[in-house]
Protein chains: 2
Amino acid sequence: MNIGEVSKKSGLPAKTIRYYESIGLLPKPHRSEGGYRVYTSNDLMTLRFVQRARRLGFSVGDVENLLALWRDQHRSSSEVKKLAIQQIGSIDQRIRALENMRGVLIDLTERCHGDERPDCPILDDLADDETEDRFADETKT
Amino acid sequence: MNIGEVSKKSGLPAKTIRYYESIGLLPKPHRSEGGYRVYTSNDLMTLRFVQRARRLGFSVGDVENLLALWRDQHRSSSEVKKLAIQQIGSIDQRIRALENMRGVLIDLTERCHGDERPDCPILDDLADDETEDRFADETKT
DNA sequence: CTTGACCTTCCAGTAACTGGAAGGTGTACA
DNA sequence: TGTACACCTTCCAGTTACTGGAAGGTCAAG
């Protein structure tokens, strides 16, 4: 299979596959006479694995670890689970941060009449000295 | 005020303030004899505004628009509200994407016993051909 | 007159791609 | 046999929003 085909079958853009190869996440595939990358169905499985792990929000570095564990017949499932649980933690943090933003924005838009007039609590609050803490980052608690 | 002071008072790192200046988000401040940036309390207000808008997740480009509206006495509040509502929409999207990831990960970790043994549904599902759709990106709906 | 905190510019690196240019390959069709 | 066209190659640059670090200038105190 050429890169275009595995790209379609894995859901990873060809550019991205080459990029993953260049950073060492993926092993270098065989090359045809003409210099084209040639992939086996095994390679395709790896690409699928990578694509799914990325979709779950794992960083490229994490995917590297997951791939290593996947290939290691002697891994313990606890190592894998640990990575997954860390990932859930970081996702939870991001969700909380976004929900904070969302809350403030909802409040601001509800108080803004949104018509021709220039006065606007959104801008006022962003500028206002007294409003300090409503914009604070509460994700550290 | 020198940059260190406005940095403390605005919550923006000095590096970031210089960076914002370099990309044209902030106007060039006056300079002292020795070449130090000198900020007025007006400049400080702008820095605070920027910092708060960024904390609400607005992109630097959005902040530029918000700043322009803030400075424009003839703006209509509807323009501001529109930006805020767009921002809520994009936050909602991101939250939904993260919640999808979270759901899949929770399910995977619940099914993984996490002990010494190597067998692990997390890796199996990432690799498995039959598992396709559970990893699909449902944020487009 | 030196120490130390603070400031300056500039270059490079981060994450994870993405776009585009310039050019080679492979094949189907006239 | 030619040529059109899709597909492939490498390489360089750009994206977002900073951040780190080096090399060196400024300023106030002691």
Side-chain angles (χ1 to χ4, degrees), chain A residues 1-26 28-39 43-44 47 49-67 86-87 90-91 93-94 97-98 101 137, chain B residues 1-26 28-39 43-44 47 49-67 86-87 90-91 93-94 97-98 101 137:
Chain A
M1 283 178 280
N2 286 347
I3 200 168
E5 196 176 343
V6 285
S7 167
K8 252 175 240 157
K9 288 187 178 164
S10 69
L12 287 170
K15 277 253 167 194
T16 302
I17 297 174
R18 288 192 204 100
Y19 166 72
Y20 285 162
E21 184 190 328
S22 82
I23 59 167
L25 177 63
L26 297 174
K28 303 194 176 202
H30 292 281
R31 295 287 182 130
S32 72
E33 290 266 304
Y36 284 19
R37 284 170 181 80
V38 178
Y39 295 90
D43 293 333
L44 178 55
L47 291 175
F49 184 100
V50 168
Q51 190 260 6
R52 287 169 184 169
R54 290 287 298 130
R55 270 212 180 148
L56 288 180
F58 286 102
S59 72
V60 169
D62 287 337
V63 176
E64 213 169 333
N65 293 330
L66 286 169
L67 267 180
Q86 273 175 16
Q87 180 60 10
S90 108
I91 286 175
Q93 249 185 31
R94 284 192 275 162
L98 288 170
M101 292 179 196
D137 192 350
Chain B
M1 281 178 283
N2 286 346
I3 201 169
E5 196 177 343
V6 285
S7 167
K8 251 175 240 159
K9 288 188 178 164
S10 68
L12 287 169
K15 276 253 168 193
T16 303
I17 297 172
R18 289 193 203 100
Y19 167 72
Y20 285 161
E21 183 189 328
S22 82
I23 60 168
L25 176 64
L26 297 174
K28 306 194 176 202
H30 293 281
R31 296 287 183 131
S32 70
E33 290 267 302
Y36 285 18
R37 285 169 181 82
V38 178
Y39 296 91
D43 292 333
L44 177 55
L47 291 175
F49 184 100
V50 168
Q51 190 258 7
R52 287 167 184 170
R54 291 287 298 131
R55 272 215 179 143
L56 289 180
F58 286 102
S59 72
V60 169
D62 287 337
V63 175
E64 213 169 333
N65 293 331
L66 286 169
L67 267 180
Q86 273 174 16
Q87 179 62 11
S90 109
I91 286 175
Q93 250 185 31
R94 284 192 275 162
L98 288 170
M101 292 179 197
D137 193 350

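Note that the coordinates shown come from a computational prediction; the quantities given were computed from them, not determined experimentally. Here is how names work: the chains are called A, B, and so on, in the same order as the sequence lines, proteins then strands, and each is numbered from 1.
- For the atom pair CG of A/Leu66 and CZ of A/Phe49, the computed distance is 5.0 Å after rounding to the nearest 0.5 Å.
- A/Arg37 is linked by a salt bridge (Lys or Arg N to Asp or Glu O under 4.0 Å) to A/Glu21, counting only residues two or more places apart in sequence or in another chain.
- Using five terminal pairs a side, the axes of the helix from C/dC1-D/dG30 to C/dA30-D/dT1 at its two ends make an angle of 30°, given in steps of 10 degrees.
- Here B/Arg54 lies in heavy-atom contact (under 4.0 Å) with sugar-phosphate atoms only.
- The interatomic distance linking A/Arg37 (CZ) with C/dT25 (C1') rounds to 14 Å, in whole Å.
- Rounded to the nearest 0.5 Å, atoms CD (A/Glu64) and OH (A/Tyr20) are 11.5 Å apart.
- A/Leu12 CG to A/Arg52 CZ: the interatomic distance, rounded to the nearest 0.5 Å, is 11.0 Å.
- With rounding to whole Å, A/Glu33 atom CD is found 11 Å from C/dT25 atom P.
- Residue B/Ile23 is classed as having no contact, given no heavy-atom separation below 4.0 Å to the nucleic acid.
- Nucleotides of DNA chain D that come within less than 4.0 Å of any heavy atom of chain B span, from the 5' end to the 3' end, D/dA17 to D/dC27.
- For C/dC17, the OP1/OP2 oxygens have a side-chain nitrogen or oxygen of A/Tyr20 closer than 4.0 Å.
- Tested against B/Tyr39 for a side chain to side chain contact (heavy atoms under 4.5 Å, CB included), the candidates B/Asn2, B/Leu26, B/Ile3 yield a single pass: B/Ile3.
- Closest-nucleotide positions on DNA chain C for A/Gly35 and B/Gly4 were compared, and the one nearer the 5' end corresponds to B/Gly4.
- Across the protein-nucleic acid pair, B/Glu5 atom CD and C/dA5 atom P stand 18 Å apart, rounded to whole Å.
- When the P atom of C/dC7 is taken as reference, atom CE of B/Met1 falls 13 Å away, rounded to whole Å.
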